[in-house]
Amino acid sequence: MKSLGVKKGKMMKYAYALCLLFVFYTSCKGQNKTNLPSDSVKSESQDVTTSYGPDRITRTIKQDRKGNIWMATFGGIFRYDGKSFTNVTDKVSPARFFSILEDRKGNFWFSTVGSGVYYYDGKTFQNFTTRDGLANNQVIDIYEDKTGTIWFGTLSGASRYDGKTFRNYRMNEGQNFTTKEKNDNDVNSIIEDKTGKFWIATRGDACLFDGKTVTVLTHDGQPFTNVRTIIEDKKGNIWLAGSDGLWRYDGRVFTNITRNFVGYVHEDRKGNIWTTSEASLGWILSRYDAKTLSSLKPMVTEINPNEGKMLFGILEDDKGNIWFGADGVYRYDGKTITDFKK
């Protein structure tokens with residue numbers, strides 16, 4: 001295996017050949033390809049609508065093609081239509097929800113902590129778990145690649161679903177290169193870049209997967225560890241956020257923006273980069289000005305919105321408001337912060 005780093009402005013490869021291998025995983029050997037049972041359980045949606053939003057941990061916020069705001073919370077999946085909140089999973093599952101994806105067909109996928117993933121077509125739910133081929137029932141991230149294949153980041157590697165079967169990938173255990181072999185399989189974030197390569201963030205080492213070879217991502221000769229979020233911006237730069245702080249990769253070198261722990265990173269329509277991170281005053285919402293991102297110290301505006309409480313996912317809606325998750329959901333219009341709790 002290879003390792004990706006930077007030295008004197010050029011990409012350098014480090015000798016991690018026996019460190020990590022991204023392979024098809026099965027309890028025996030070879031490829032795990034599971035046909036889904038035709039009698040997978042389906043549940044009818046029974047919505048519960050209120051004038052107030054969630055009051056529990058909110059990990060992910062997304063806006064659908066119709067303009068509705070969706071929230072994955074530890075109290076269910078909420079949809080906000082601009083007037084009221086609807087808990088669409090209240091009568092379906094008591095699970096803690098973590099991530100949301102609206103796929104290209106307009107259907108939704110919801111991930112949970114312990115109950116697998118739920119597929120929602122607007123009327124009915126279908127639950128997929130390890131019984132159906134999912135690598136692990138604790139699912140952190142959901143991503144749709146360019147071919148329409150759905151990827152799930154789980155605590156046992158990544159699961160890829162093509163609409164019929166699951167194929168599971170994981171890092172080989174037992175490799176003697178770090179003390180974090182088990183954590184290497186906790187996949188936090190997956191993206192496919194413009195060249196078709198997959199960037200994979202884990203609690204162990206972040207890596208790049210080209211379909212055949214895994215490359216460990218490094219800075220200053222050290223691997224990126226416990227990366228929580230990876231995104232690609234409009235210019236093709238890759239952003240990594242996690243325990244090593246916030247880093248930008250421009251295709252040649254990795255540049256550090258902050259060393260503070262960063263949980264989530266998001267690009268708005270103007271090219272500004274927003275993060276939720278931990279600072280001396282507690283958790284803050286930060287905006288890095290797009291016009292200064294090329295400098296070593298870009299201009300940053302810091303907002304301390306929630307008295308030190310942890311902050312999670314970020315969304316810019318179609319009106320330019322910034323939403324973020326904490327012990328509920330919050331909206332920032334550039335001047336004031338709105339709390340939607342009861």
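Below, each value reflects all heavy atoms present in this structure, side chains not excepted, and no hydrogens, waters or symmetry copies. Each residue takes its place number in the sequence, starting with 1. Model, not experiment: these values are computed from the prediction.
Between Thr89 and Asn87 there is a side-chain heavy-atom pair separated by less than 4.5 Å. Looking at heavy atoms from C-beta onward, Val227 lies out of side-chain contact with Thr202 at the 4.5 angstrom threshold. Within the 4.5 Å cutoff, the side chain of Asn188 has heavy atoms near those of the Arg228 side chain. Phe254 has its side chain within reach of Leu240: a pair of non-hydrogen atoms, C-beta onward, lies under 4.5 Å apart.
Ring centers of Phe128 and Phe152: at least 6.0 Å apart, outside the cut-off. For Trp283 and Phe312, the distance between ring centers is not under 6.0 angstrom. Aromatic ring centres of Trp199 and Tyr249 lie closer together than 6.0 Å. The ring of Tyr143 has its center no closer than 6.0 angstrom to the ring center of Phe198. Aromatic ring centres of Tyr80 and Phe340: separated by under 6.0 Å. Residues Trp151 and Tyr169 place their aromatic rings such that the two centres sit under 6.0 Å apart.
Within the structure, side-chain hydrogen bond (donor to acceptor under 3.5 Å, both in side chains) contacts touching residues 237-247 (residues at least two apart or in different chains) are Asn226-Ser243, Asp233-Asn237, Asp233-Trp239. Residue pairs meeting the side-chain hydrogen bond (donor to acceptor under 3.5 Å, both in side chains) criterion with at least one member in residues 67-79, sequence neighbours excluded, are Asp64-Asn68, Asp64-Trp70.
At a threshold of 4.5 Å between side-chain heavy atoms, the hydrophobic network of Ile, Leu, Val, Met, Phe, Trp and Tyr places Ile191 and Val265 in two separate groups.
Taking a 6.0 Å sphere around NZ of Lys66, one finds it holds 12 or fewer heavy atoms contributed by other residues, nucleotides or ligands. Heavy atoms of other residues, nucleotides or ligands lying less than 6.0 angstrom from NZ of Lys234 number more than 12. Within 6.0 Å of NZ on Lys146 lie more than 12 heavy atoms contributed by other residues, nucleotides or ligands.
Interatomic distance, Asn168 CG to Arg160 CZ, rounded to the nearest 0.5 Å: 10.5 Å. Note that CG of Asp193 and CG of Leu208 are 6.5 Å apart. Values are rounded to the nearest 0.5 Å.
No donor-acceptor distance shorter than 3.5 angstrom exists from the side chain of Ser159 to the backbone of Gly157, with no hydrogens or angles considered. In terms of modelled atom types and a separation under 3.5 Å, the side chain of Thr292 and the main chain of Met299 share a donor-acceptor contact. For Ser277 (side chain) and Asn260 (main-chain N/O), no donor-acceptor pair under 3.5 Å exists by modelled atom type. Judged by distance alone, with hydrogens and angles left aside, the side-chain atoms of Asn256 form a donor-acceptor pair with the main-chain N or O of Thr258 at under 3.5 Å.
Under the 6.0 Å distance and 45° angle rule, Arg96 counts as a cation-pi partner of Phe74.
Using a cut-off of 4.0 Å between Lys/Arg side-chain N and Asp/Glu carboxylate O, Lys62 and Glu102 are scored as not salt-bridged.
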